[in-house]
A.B. asks: 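My questions all concern the structure below.
In what follows, every heavy atom counts, from backbone to side chain, and hydrogens, waters and symmetry copies are set aside. One-based numbering, in listed order, for ligands and for the atoms of each.
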Amino acid sequence: MHEFFIVQNIIKTVEDIVQQYPGKKITKAVLLIGKFSGVEIDLLKTALDFFKKGSPLENAEIFIEIEDLKLRCLDCGKEFVKDKWDISCPYCGSLNTKVISGEEMLLKSLELEEET
Ligand SMILES: [Zn+2]
């Protein structure tokens with residue numbers, strides 16, 4: 001499943017980061033998910049619950065932020081946000097636009113603190 005693969009990658013990334021900070025533990029992790037990344041949030045949460053056991057994320061609070069589709073018009077240079085899949089520029093009507101964000105899925109931030 002797509003979501004399982006994503007979660008495994010995230011946990012791998014987190015493990016790599018934690019190795020650079022010995023003696024610290026992760027208290028909070030924020031994931032950023034584009035509205036059009038194709039990720040099912042419910043499946044993602046299920047996968048997280050499953051894979052975080054025994055990982056550095058096991059006792060961390062995990063937040064999931066949903067990111068809107070953001071585009072830039074290559075004709076008039078304006079940037080705009082869409083809540084549905086529509087790539088036309090609302091300012092000049094051009095279809096010559098580029099997706100800036102909203103399609104990806106990434107680890108946005110981690111908070112670490114000294115292990116007690
Ligand atoms: Zn435009």
Side-chain angles (χ1 to χ4, degrees):
M1 221 183 298
H2 188 51
E3 284 75 8
F4 278 36
F5 183 69
I6 289 168
V7 167
Q8 282 176 309
N9 270 333
I10 288 171
I11 287 177
K12 175 83 179 67
T13 305
V14 168
E15 283 171 344
D16 287 347
I17 294 170
V18 166
Q19 273 182 2
Q20 297 165 32
Y21 300 93
K24 300 218 176 197
K25 61 173 182 181
I26 296 171
T27 53
K28 183 179 164 186
V30 181
L31 307 181
L32 192 68
I33 296 162
K35 225 174 216 174
F36 297 92
S37 60
V39 173
E40 284 279 347
I41 303 298
D42 285 348
L43 281 176
L44 188 77
K45 285 180 176 164
T46 306
L48 273 170
D49 282 344
F50 182 76
F51 286 110
K52 75 179 183 183
K53 293 191 181 79
S55 87
L57 285 178
E58 183 160 10
N59 297 309
E61 270 190 288
I62 301 174
F63 295 89
I64 296 175
E65 289 182 7
I66 311 292
E67 189 181 49
D68 280 332
L69 183 68
K70 196 174 176 194
L71 301 107
R72 179 184 293 124
C73 177
L74 299 178
D75 285 335
C76 71
K78 291 204 163 69
E79 290 183 5
F80 47 94
V81 169
K82 297 272 179 154
D83 58 9
K84 58 178 171 35
W85 186 256
D86 168 14
I87 60 159
S88 65
C89 173
Y91 299 99
C92 72
S94 169
L95 291 175
N96 188 18
T97 54
K98 186 174 179 292
V99 174
I100 305 169
S101 62
E103 283 187 310
E104 70 274 279
M105 152 81 222
L106 49 92
L107 183 66
K108 189 183 176 194
S109 68
L110 283 179
E111 277 179 26
L112 295 98
E113 69 177 34
E114 298 291 334
E115 205 139 20
T116 48

A.B. asks: Do the side-chain N and O atoms of Asp86 and Ser88 include a donor-acceptor pair separated by under 3.5 angstrom?
C.D. replies: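 Yes, Ser88 and Asp86 have a side-chain donor paired with an acceptor closer than 3.5 Å.
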
A.B. asks: Would a distance-only check, ignoring hydrogens and angles, find a side-chain to backbone donor-acceptor pair under 3.5 Å from Glu111 to Ala29?
C.D. replies: no

A.B. asks: Do other residues, nucleotides or ligands put more than 12 heavy atoms under 6.0 Å from the OH atom of Tyr21?
C.D. replies: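 Atom OH in Tyr21 is not packed in, count stays at 12 or less.
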
A.B. asks: Using modelled atom types only, decide if a donor and an acceptor are shared between the side chain of Glu67 and the backbone of Gly102 within a distance under 3.5 Å.
C.D. replies: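 Confirmed, Glu67 side chain pairs with Gly102 backbone.
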
A.B. asks: Under the 3.5 angstrom rule, does the side chain of Thr13 hit a backbone N or O of Asn9 as a donor-acceptor pair?
C.D. replies: yes

A.B. asks: At distances under 2.8 Å, what protein N, O or S atoms surround the Zn ion (ligand 1)?
C.D. replies: Cys73 SG, Cys76 SG, Cys89 SG, Cys92 SG

A.B. asks: Short question: side chain of Thr27, backbone of Ala60 - any donor-acceptor pair under 3.5 Å?
C.D. replies: no

